[in-house]
Number of protein chains: 2
Amino acid sequence: MAKGRPKRADTTSATRNRILSAAAQILSAKGYSETRLSDIADSAQVRAPAVYYYFASREELIAEVMAVGQRRLREHVESALAALPASTAPMDCISTAVQAHLQVELQLSEFATAVTRNLGQLPDDIRARLRDEGAEYIRLWRGLLEAALHAGEMRPDLDLRAARMLVMGALNWTTEWWDPCQGSLTAVVETAQSLVRHGLGFPAAHHGATDLNMC
Amino acid sequence: MAKGRPKRADTTSATRNRILSAAAQILSAKGYSETRLSDIADSAQVRAPAVYYYFASREELIAEVMAVGQRRLREHVESALAALPASTAPMDCISTAVQAHLQVELQLSEFATAVTRNLGQLPDDIRARLRDEGAEYIRLWRGLLEAALHAGEMRPDLDLRAARMLVMGALNWTTEWWDPCQGSLTAVVETAQSLVRHGLGFPAAHHGATDLNMC
DNA sequence: GTCTATAAGTAGATAGAC
DNA sequence: GTCTATCTACTTATAGAC
């Protein structure tokens, strides 16, 4: 309505989205420090001052890229899990989460890539605003591992937090090395799934507790 | 000898080392973009211009921190492997490398941490100079995995490069989350070793030809 | 060797026209 | 809404004294 400050509303402006996408692309490729506001503007086909019509500052713009990326990552993985039958074994849920996480990071969203590659280097005030959403995603993975543990699909000697962070690290680090030109996503996904399944699970196909008996 | 330019020689000057260590500490904690030359100088108890007596520029200083970190990481892991009996099984070598890598990253050297946390965000010209040393370390890990494969200790269905990078990613990402106050290094090391051993290796303790049937 | 003072460059941000 | 022109702040880097 009010024309003067769409700075928060009007999330559907085409120019605004172009600026956001350009920022996500440059952030994911060059990193926080090397991402100039003028580079973003150039890439979005506007002059630098136009950015300030939509965003209060460079920091605000980058903070929004991160917020969008975090949300997309979580929502994509949640959707993939929600699409599974209710009876799906916990370890199969984990495989699905591995696939979904890698797919969104490496193929679907430069916003997600931007988060993973830059979160650790962001100034404290931006990171503080992303904390809650990030904790939500952590919680999702903690739930997945706990379910596997309680179902007797996971070796109980593992430190649950360390295992979770090591797995997420293996996935997140792909953004540092994976190159679409150099290999198929499928190969990475399958190797990651195999690594995580065997890394967390029991040597054989059987288990500790009472439930599920495949043999 | 010549007093005018120790910029390369005199690697043993106490002040020079203080500056280098301060740079490593700040780089590992705050990242490349947030590491100001003046912060480094303050932390090293000198004024900013004094840095230029030892280093040609901020970039040169940071590049040297990275070079030192890369070298220490590789040398520490190589030493740990060299100390093993010649008959050590390949998978046990991998466990040793996992332990050594985590130890130097998380406990021994802020130079190593600085490399891992910043390599991906460095300007191209610095990264180019670190390429050879980095490739050397990659080669070390490739050798470890190939040895395990040839010894029949590793599942042959895994994509070797993907598996290697996923494992190194799990290890490297610890620099993003591990906090000495929040848990023991031993727990992380043991969980990582277990995860890698089972993640790469065969379900049971045997190997090779016709596959296992537990049922 | 290290300092004070300052130059030079760069990037973020604003003013005001259109 | 987007522009040109400009301001301001910050950071690296140098000059030259001690």
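Letters go in sequence order (proteins before strands), and every chain restarts at 1. The figures here come from the full heavy-atom set of this structure, side chains too, leaving out hydrogens, waters and symmetry mates.
Counting only residues at least two apart or on different chains, no ring-ring contact (aromatic ring centres under 6.0 Å, His included) pair has a member in residues 117-136 of chain A. Listed by first then second residue, pairs satisfying side-chain hydrogen bond (donor to acceptor under 3.5 Å, both in side chains) with a partner in residues 165-174 of chain B read B/H101-B/N172, not counting sequence neighbours. For residues 33-51 of chain A, the set of pairs meeting the side-chain hydrogen bond (donor to acceptor under 3.5 Å, both in side chains) definition, not counting sequence neighbours, is empty. Applying the side-chain hydrogen bond (donor to acceptor under 3.5 Å, both in side chains) test to residues at least two apart or on different chains, the pairs with a partner in residues 103-115 of chain A are A/H76-A/Q103, A/E105-A/T116.
Per the geometry, OH belonging to A/Y54 stands 18 Å off C1' belonging to C/dA13, to the nearest Å. In this structure, CG of B/L61 is placed 14 Å from C1' of D/dA13, rounded to the nearest angstrom. Taking atom OH on B/Y53 and atom C1' on C/dG1, their separation rounds to 6 Å, with Å as the unit. B/E59 places its CD atom 8 Å from the P atom of D/dA13, with the value rounded to the nearest Å. For the pair A/Y52 OH and D/dC3 C1', the interatomic distance rounds to 15 Å; values are reported in whole Å. Rounded to whole Å, atom C1' of D/dT12 lies 11 Å from atom CD1 of B/I62. Going from atom CZ of B/R58 over to atom P of D/dT14 covers 15 Å, rounded to whole Å. Put simply, CZ on A/F55 is 12 Å from P on D/dT2, counting in whole angstrom units.
Applying the 4.0 Å criterion to OP1 and OP2 of D/dG1, one finds that A/T15 has every side-chain N and O outside that range.
Of the residues in residues 117-127 of chain A, not one places a heavy atom less than 4.0 Å from an atom of DNA chain D. For the segment residues 33-48 of chain A, the set of residues with a heavy atom within less than 4.0 Å of an atom of DNA chain D comprises A/V46, A/R47, in numerical order.
Applying the side chain to side chain contact (heavy atoms under 4.5 Å, CB included) criterion to B/D179, with sequence neighbours excluded, gives B/C181, B/Q182. Judged as a side chain to side chain contact (heavy atoms under 4.5 Å, CB included), and not counting sequence neighbours, the contacts of A/D157 are A/R155, B/S194.
Ion pairing of B/E59 with B/R129 is absent here, as no side-chain N (NZ or NE/NH1/NH2) approaches a carboxylate O to less than 4.0 Å.
A/F111 carries A/R72 over the face of its six-membered ring, with the cationic atom under 6.0 Å from the centre and within 45° of the normal.
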Name each donor-acceptor pair under 3.5 Å that joins a side chain in residues 78-86 of chain B to protein atoms two or more places apart or in another chain, with its distance.
unit_1, atom_1, unit_2, atom_2, d
B/E78, OE1, B/R74, NH1, 3.1
B/E78, OE2, B/R74, NH1, 3.0
B/S79, OG, B/E75, O, 2.8

